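Sharing a structure here in structure tokens format.
In what follows, every chain begins at residue 1, and chains take the letters A, B, ... in the order their sequences are listed. Everything quoted here is computed from the prediction, not taken from an experiment.
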Number of protein chains: 2
Amino acid sequence: MHGHVIPINTPLPLSSPIRSRGTAGTQTGYTGRVLAKGEHLYHAGDSIAGPYMVITGALKGYNTDEDGFERVMRLYSTGDVLGFEGLARRGAVSSIVAVDTAKVWKMTEQGPVEGGPGMLGITETILMGFYRELSLSAQVLEMNRGSAQARLARFLVHYGDQQAQRGCKEQEFLLPFGRRDLAHYLGIAAETLSRAFGSLRKKHILKMNENHIVVLDPADLRRIANGNA
Amino acid sequence: MHGHVIPINTPLPLSSPIRSRGTAGTQTGYTGRVLAKGEHLYHAGDSIAGPYMVITGALKGYNTDEDGFERVMRLYSTGDVLGFEGLARRGAVSSIVAVDTAKVWKMTEQGPVEGGPGMLGITETILMGFYRELSLSAQVLEMNRGSAQARLARFLVHYGDQQAQRGCKEQEFLLPFGRRDLAHYLGIAAETLSRAFGSLRKKHILKMNENHIVVLDPADLRRIANGNA
DNA sequence: CGTCATTTTGATGGAGGTCAATGAACGTGG
DNA sequence: CCACGTTCATTGACCTCCATCAAAATGACG
């Protein structure tokens, strides 16, 4: 339907910090895996080998409560890292499923190894990943605050920032997530999310066609994200 | 006001997994610290040395957003461990303040140390702590779901479970947290929390005096916690 | 006893959840 | 190529729940 599509979502360029580790001395390696839409990377409780990095596509992390209802905990996109729980030799915290065709790399640093009396060896990369994961959980909580509009705006701002970090356009992107998943992630109903989109569109803060989103007024978007209606 | 107080909140017995590590070979040690009510253990962004364990009392972890509003991220009680971020040599994620006179132990495993080419030494205890922290963030998110009653019920059920793990009464305890903090933690207004308490009391699911809570109908409490009004 | 903080209770309005209907996009088989 | 079913996004109408404002009640402390 669009005239011609602009390349606003690029695969991961795979630059500095990660690849540079794969040198002599450490047995770091990577194994690629492609998941079709709807395919699971692993389920909650599964024992997993180690962290994965998202190369292309998108995935969601979710948990199912006792009533069978699904709670979206995380949304992963290009460049995100997930699955650190594997290092603790315990079951995965959340289930991970591809919401779009996705390619991931397993980072096969074999997790902790014995490193002395009562000590385990672990790379600094992994440790940083843990830290990022903890910070992220704070962000996710923040998403579940304020009005529906504020939540959506906050998400879009964050997502734009991530886009920038990936070297992509900050104000224009294709959302790889469906409305239902996004709504669950934000802790609101899908219909409410739809209305929030409509409201932002009516205020000329963004325009959109399907999942192709263009932010017209970033300043206003940030203002709304901070709760100042 | 109570006739005579039952010892329902005991200090940590300091049993198996933690103390048993402090043997020859590792330089593990503990440093006690007592905080008055309102005193901070550390602030968000501070560089901290390592994890702490709560021996007695209670603390809250919170973040302040740009509007100056406070968001309660965690509530810590006897036996809980916090401050794992220190290991990554980065600033603390949240600020920690005592909501009641509290005693904590700093676990002075000196954080990561060199353990080989590109490797860092870390104890299994720490790794497990990270894992627990990640699982906890899932729980915290779950707290921000459903009706006010369901949130409160869920909190009480979880708190009772923790009490049991500490070897204390599961159905009777003294809440060390004020209403305001608890409400913020649950993502509801203090007044709504008060009403939720009142509602549970009226249904004879619990009785309470101040912060002394007795669960009369645990089964019903769990039912409500799962959203079945 | 007065002052202050905290909790409880009451009254009101609005945001958003729910149910329902419509519309758009896509695939499948005739 | 079209008819049909399916899935998903949008829009409308209704009504519940909770945030907010306000005030009274309770307790802590000097």
Side-chain angles (χ1 to χ4, degrees), chain A residues 1-2 5 36-38 58 60 67 69-72 97 99-101 143-155 174-202 206-213 224 227-229, chain B residues 1-2 36-38 58 60 67 69-72 97 99-101 143-154 174-202 206-213 224 227-229:
Chain A
M1 194 52 93
H2 333 120
V5 180
K37 179 175 176 175
K60 72 173 169 183
D67 313 338
F69 265 120
E70 152 183 320
R71 172 91 193 155
V72 178
V97 64
V99 295
D100 193 5
T101 308
M143 283 299 169
N144 282 259
R145 229 192 77 244
S147 71
Q149 267 198 48
R151 296 182 196 204
L152 172 56
R154 221 171 291 145
F155 172 81
L174 280 172
L175 269 193
F177 315 107
R179 294 283 188 275
R180 184 160 230 80
D181 286 335
L182 184 51
H184 279 185
Y185 175 69
L186 297 177
I188 58 180
E191 296 91 325
T192 305
L193 175 60
S194 196
R195 282 180 239 275
F197 265 121
S199 173
L200 292 181
R201 209 175 337 143
K202 200 166 56 183
L206 56 80
K207 65 176 179 179
M208 49 188 288
N209 180 321
E210 280 283 317
N211 284 328
H212 180 191
I213 297 188
I224 293 180
N228 313 315
Chain B
M1 194 52 95
H2 333 118
K37 178 174 177 177
K60 72 173 169 183
D67 313 337
F69 266 121
E70 151 184 323
R71 172 87 191 158
V72 178
V97 63
V99 296
D100 194 4
T101 306
M143 284 300 168
N144 283 259
R145 230 190 77 245
S147 71
Q149 265 197 52
R151 297 182 195 204
L152 172 57
R154 222 171 291 143
L174 281 171
L175 269 193
F177 314 108
R179 294 281 188 277
R180 184 158 230 82
D181 286 334
L182 183 51
H184 279 185
Y185 176 68
L186 297 177
I188 59 180
E191 297 92 322
T192 306
L193 175 61
S194 194
R195 282 180 240 276
F197 267 121
S199 173
L200 291 181
R201 210 176 337 147
K202 200 166 56 184
L206 57 80
K207 65 176 179 179
M208 51 189 286
N209 180 319
E210 279 284 314
N211 285 328
H212 182 191
I213 297 188
I224 293 180
N228 312 315

Describe, as an angle rounded to 10 degrees, how the axis at the first end of the helix from C:dC1-D:dG30 to C:dG30-D:dC1 is tilted relative to the axis at the last end, five pairs per end.
40°
With rounding to the nearest 0.5 angstrom, report the CD1 to CE distance, B:I213 to B:M208.
5.0 Å
I need the CZ-C1' distance between B:R145 and D:dC18, as an integer number of Å.
17 Å
Please report, rounded to the nearest Å, how far the C1' atom of C:dG27 is from the NZ atom of A:K37.
13 Å
To the nearest angstrom, how far is B:R201 atom CZ from C:dT7 atom C1'?
10 Å
With distance as the sole criterion, do the side chain of B:R195 and the base of C:dG10 form a donor-acceptor contact below 3.5 Å?
yes
Would you indicate, yes or no, if C:dA15 has its OP1 or OP2 atom less than 4.0 angstrom from a side-chain nitrogen or oxygen of A:S147?
no
Mind running a 4.0 Å heavy-atom check of residues 180-189 of chain B against DNA chain C and sending the residues that fall below it, in number order?
B:R180
With rounding to the nearest 0.5 angstrom, report the CZ to CZ distance, A:R201 to A:R195.
12.5 Å
Quickly work out the A:F197 CZ to D:dA9 P distance and round it to whole Å.
10 Å
Quick one: does B:R151's side chain have a donor or acceptor within less than 3.5 Å of a partner on B:G146's backbone?
yes
On the nucleotide C:dT8, are OP1 or OP2 found under 4.0 Å from the side-chain N or O atoms that B:S194 carries?
yes
In whole angstrom, what separates B:N144's CG from D:dC17's C1'?
16 Å
Kindly give the heavy-atom pair with the smallest separation between A:I188 and A:A148, and that separation in Å.
CD1-CB, 4.2 Å
Please determine if a side-chain N or O atom of A:R179 lies less than 4.0 Å away from the OP1 or OP2 oxygen of D:dT10.
yes
Could you tell me how far apart B:E210 (CD) and D:dA25 (P) are, to the nearest whole angstrom?
17 Å
Checking contacts here: which listed nucleotide (C:dT9, C:dA20, D:dC18) is nearest the side-chain heavy atoms of B:E191?
C:dT9
Within the 4.0 Å heavy-atom criterion, would you say B:G198 contacts the bases, only the backbone, or no part of the nucleic acid?
nothing
Drop me the distance from A:L193's CG to A:L182's CG, to the nearest 0.5 angstrom.
5.0 Å
Drop me the distance from B:N209's CG to B:L174's CG, to the nearest 0.5 angstrom.
10.0 Å
Test the A:R145-B:F69 pair against the cation-pi criterion, namely NZ or CZ under 6.0 angstrom from the six-membered ring centroid and within 45° of the ring axis.
no
A:K60 and A:D181 ion-paired at < 4.0 Å
yes
What is the distance from atom CG of A:L186 to atom CZ of A:R179, rounded to the nearest 0.5 Å?
11.5 Å
May I have the distance from B:N211 (atom CG) to C:dT8 (atom C1'), rounded to whole angstrom?
14 Å
Just the rounded figure in Å: distance from C1' of C:dT8 to CG of B:L152.
15 Å
